[in-house]
Student: 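The structure under discussion is supplied below as structure tokens; questions concerning it will follow.
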Amino acid sequence: MGTSTLWLRARAVTVGSDWRLCEGKTRKKGISVCVLSTRGSPFSLRRCSSPLTLIASSMPYEKELAAAKKAATLAARLCQKVQKALLQSDVHSKSDKSPVTVADYGSQALVSFILEKELPSEPFSLVAEEDSGDLRKESGQDTLKRITEFVNDTLASEGSNSFSTLTTDDVLMAIDNGKSEGGSVGRHWVLDPIDGTKGFVRGDQYAIALALLHEGKVVLGVLACPNLPLASIGCNQQHSSSNEVGCLFFAEAGEGAYMQALGGSTQTRVHVSAIDNPEEASFFESFEAAHSLHDLSSSIAEKLGVKAPPVRIDSQAKYGALSRGDGAIYLRFPHKGYREKIWDHAAGSIVVSEAGGIVTDAAGNPLDFSKGKFLDVVSGIIVTNQKLMPSLLRAVKEAINEKASSL
Ligand SMILES: Nc1ncnc2c1ncn2[C@@H]1O[C@H](COP(=O)(O)O)[C@@H](OP(=O)(O)O)[C@H]1O
Ligand SMILES: [Mg+2]
Ligand SMILES: [Mg+2]
Ligand SMILES: [Mg+2]
């Protein structure tokens with residue numbers, strides 16, 4: 001055989017919780033079989049027939065992704081039940097005055113519980129938005145009981161008897177498992193149990209956003225968007241006969257981004273918009289003016305030549321919609337002093353980047369998820385495709401400078 005390289009897609013098959021049998025990418029001698037340890041990533045090569053060069057293995061986070069999809073889907077079911085029957089007493093105010101509901105707590109308890117159950121052999125670390133402080137007070141006891149009922153109802157509706165009924169203490173413990181600080185070492189799950197709580201309370205868009213960090217990098221993400229139509233919501237959408245809502249987006253590093261119906265369906269690969277003419281592009285931004293400067297994004301859009309009005313929706317559903325090309329741009333410019341949290345962007349950013357998009361801060365720097373709970377971003381977060389990014393960055397810079405000089 002000559003010296004040409006035979007490139008084959010690696011295929012991994014789990015043969016035990018710690019080992020995989022893998023067909024590797026080989027040079028010269030076709031396919032060889034090797035055994036790889038799945039403890040730690042990238043895989044360590046233990047034994048292989050020589051000469052074999054392993055370039056990559058496919059789906060190294062396969063079981064984590066399956067667990068994440070299951071957890072987010074169940075949490076979405078709980079949120080849907082709560083949204084249908086939302087009582088005024090289900091909505092509370094946190095110390096920073098932002099809202100939290102029984103569904104935020106229930107979703108966090110459920111995701112934390114499912115991940116631990118599904119991945120028993122892995123050390124469990126979760127960075128999540130909510131904590132149980134208010135539920136442990138006397139005034140929180142009724143709310144805690146209601147959350148526990150929703151969690152148990154949802155587990156029961158799973159149709160499996162494999163979960164025992166959770167007590168209120170179990171629920172508190174599951175919520176507080178989310179106290180990890182994250183960082184650049186090891187693996188950490190990152191959860192926003194309801195992103196877009198204000199949208200959820202209004203009956204609009206929200207998302208359950210779950211991601212996995214490995215050595216500070218996002219390696220997988222799942223976005224459950226219970227109210228997002230399966231058909232496009234972009235400005236230029238074709239008329240669709242489907243009114244079905246509920247989307248599950250997911251992505252693993254290097255494996256592309258996918259969408260399926262939340263109720264279960266075949267998955268389809270998604271790609272960001274290929275538009276290179278800003279005049280044809282539409283852009284997403286927060287529904288809430290308190291979360292993003294609408295006047296700044298409108299000035300950026302004008303400089304760029306965008307003609308369509310902004311599409312304003314809550315939550316990381318914006319990242320999901322963008323990943324399938326519903327719009328071409330997402331602009332987020334918080335008011336001065338606000339610090340972005342990793343759970344508001346981790347899952348969304350990997351879904352969009354695996355769909356071919358780029359997520360950066362306003363200065364063009366990639367987002368750094370390795371610094372703990374907060375993202376240190378310059379001015380704001382912008383998302384678009386590769387072709388539009390250079391002109392978007394120029395428009396952002398110009399608009400920011402103009403705003404600064406007018407103050
Ligand atoms: N003043 C502010 N500026 C920017 N973002 C804010 C904010 N106050 C809250 N947020 C964040 O904005 C998120 C919602 O984003 P969006 O506007 O895209 O729907 C909230 O997530 P939660 O709803 O999970 O708390 C919250 O983390
Ligand atoms: Mg919140
Ligand atoms: Mg959020
Ligand atoms: Mg939230």
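Start at 1 and go down the list; that is how both ligands and their atoms are numbered.
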Student: Show the atoms of ligand 1 that are less than 4.0 angstrom away from any heavy atom in S286.
Tutor: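 It comes down to these atoms of ligand 1: 16 (P), 17 (O), 18 (O).
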Student: When you measure from the centre of the six-membered ring of F287, is the NZ or CZ of R202 under 6.0 Å away and within 45° of the axis?
Tutor: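 Positive - R202 is close enough to the ring of F287 and near enough to its axis.
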Student: Closest by any non-hydrogen atom to atom 3 (N) of ligand 1: pick that one out of Y338, F287, Y319.
Tutor: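 Checking each option, the heavy atom nearest atom 3 (N) of ligand 1 is found in Y338.
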Student: Kindly check if the number of other-residue, nucleotide or ligand heavy atoms within 6.0 Å of CD (E288) is above 12?
Tutor: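 Yes, CD of E288 has more than 12 neighbouring heavy atoms, counting only those of other groups under 6.0 Å.
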Student: Which residue supplies the protein heavy atom nearest to atom 27 (O) of ligand 1, what is that atom called, and how far is it?
Tutor: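 Here the nearest protein heavy atom works out to D344 OD2, 2.6 Å.
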Student: For atom 9 (C) of ligand 1, what's the nearest protein heavy-atom neighbour? Residue, atom name and distance, please.
Tutor: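 Its nearest protein heavy-atom neighbour is H291 NE2, 3.5 Å.
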Student: Which part of D314 is near ligand 1, with near meaning a heavy atom under 4.0 Å away: side chain, backbone, both or neither?
Tutor: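 Both backbone and side chain of D314 come within 4.0 Å of ligand 1.
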Student: Atom CG of residue position D142 - does it have more than 12 heavy atoms of other residues, nucleotides or ligands inside 6.0 Å?
Tutor: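 It does not: D142 CG has 12 such atoms or fewer within range.
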Student: Could you give me the CA-CA distance, side-chain angles and deciding distance for I313 and D204, then say whether side-chain contact (heavy atoms from CB on, under 4.5 Å) is met?
Tutor: CA-CA 8 Å; I313 60 168; D204 289 340; over 6 Å; no
Student: Under 4.0 Å from a heavy atom of D195: give me the atoms of ligand 1 that qualify, with their elements.
Tutor: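 Near D195, the atoms of ligand 1 are 13 (C), 14 (C), 21 (O), 22 (P), 23 (O), 24 (O).
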Student: Test your reading of the structure: does K198 have an N or O sitting under 3.5 Å from an N or O of ligand 1?
Tutor: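 Between K198 and ligand 1, no N or O pair is found under 3.5 Å apart.
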Student: Going by an N to O cut-off under 4.0 Å, is there a salt bridge joining E129 and K341?
Tutor: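 No.
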Student: Do ligand 1 and E129 have nitrogen or oxygen atoms that lie under 3.5 Å from each other?
Tutor: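 In this structure, E129 places an N or O atom under 3.5 Å from an N or O of ligand 1.
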Student: Would you check, one step at a time, whether the test side-chain contact (heavy atoms from CB on, under 4.5 Å) holds for F369 with L375?
Tutor: CA-CA 6 Å; F369 290 92; L375 282 171; 3.8 Å; yes
Student: Report yes or no: does Q108 contribute a side-chain atom to a donor-acceptor pair with the main-chain N or O of I175 at less than 3.5 Å?
Tutor: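 Side chain of Q108 to backbone of I175, a donor-acceptor pair under 3.5 Å: yes, one is there.
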Student: Could you check which of R332, K97, E288, E130 puts a non-hydrogen atom nearest to atom 15 (O) of ligand 1?
Tutor: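 Nearest option to atom 15 (O) of ligand 1, by heavy atoms: R332.
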Student: Checking one value in my table: which N/O/S atom of D344 lies closest to the Mg ion (ligand 3)?
Tutor: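 D344's closest N, O or S atom to the Mg ion (ligand 3) is named OD1.
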Student: Is I194 touching ligand 1 with its side chain, its backbone, both, or neither, if touching means heavy atoms under 4.0 Å apart?
Tutor: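 Contact part for I194 vs ligand 1: backbone (N, CA, C, O).
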Student: Do the charged groups of K94 and D104 touch, with an N to O distance under 4.0 Å?
Tutor: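 Judged by the 4.0 Å cut-off on N to carboxylate O distance, K94 and D104 do not form a salt bridge.
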Student: List ligand 1 atoms under 4.0 Å from K318, heavy atoms only on the residue side.
Tutor: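 Reading through ligand 1 atom by atom, the close ones are 16 (P), 18 (O), 19 (O).
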Student: Around the Mg ion (ligand 2), how many protein N, O or S atoms are there at under 2.8 Å?
Tutor: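 Every protein N, O or S atom under 2.8 Å from the Mg ion (ligand 2) counted, the figure is 1.
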Student: Only heavy atoms of T197, strictly under 4.0 Å: list the atoms of ligand 1 that pass.
Tutor: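 What qualifies from ligand 1 is 23 (O).
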Student: Flag this pair as yes if the NZ/CZ of K69 is under 6.0 angstrom from the six-membered ring centre of F250 and inside a 45 degree cone about the axis; otherwise no.
Tutor: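 The answer is yes, since K69 meets both limits relative to F250.
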Student: Determine which pairs satisfy side chain to side chain donor-acceptor pair (under 3.5 Å) with at least one residue from residues 391-407, sequence neighbours left out, and list them in order.
Tutor: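 Qualifying pairs, neighbours excluded: K303-E402.
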Student: Is there a donor in the side chain of S292 and an acceptor in the side chain of S286, or the other way round, less than 3.5 Å apart?
Tutor: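 No pair is found: no donor N or O on one side chain lies under 3.5 Å from an acceptor on the other.
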Student: Could you report the tightest heavy-atom contact between C225 and A317, atom names first, then the distance?
Tutor: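 C225 and A317 have their closest heavy atoms at SG-CA, 3.9 Å.
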Student: Applying a 4.0 Å heavy-atom criterion (strictly less than), which segment of H335 is in contact with ligand 1: side chain, backbone, both, or neither?
Tutor: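 Within the 4.0 Å criterion, H335 makes no contact with ligand 1.
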Student: Take S89 and R146, measure what side-chain contact (heavy atoms from CB on, under 4.5 Å) needs, and give me the verdict at the end.
Tutor: CA-CA 10 Å; S89 57; R146 193 157 152 82; 5.6 Å; no
Student: Using a strict 4.0 Å cut-off to heavy atoms of D192, name the atoms of ligand 1 that fall inside it.
Tutor: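 Every atom of ligand 1 under 4.0 Å from some heavy atom of D192: 24 (O).
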Student: Looking at K198 and D314, is any side-chain nitrogen of the basic one under 4.0 Å from a carboxylate oxygen of the acidic one?
Tutor: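 Here D314 does not pair with K198 in a salt bridge, since their nearest N and O are not under 4.0 Å apart.
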Student: Taking non-hydrogen atoms only, is A290 closer than 4.0 angstrom to ligand 1 via side chain, backbone, both or neither?
Tutor: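 The part of A290 near ligand 1 is the backbone, not the side chain.
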Student: Given G196, S315, G199, which one has a non-hydrogen atom that is nearest to atom 19 (O) of ligand 1?
Tutor: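 The option holding the nearest heavy atom is S315.
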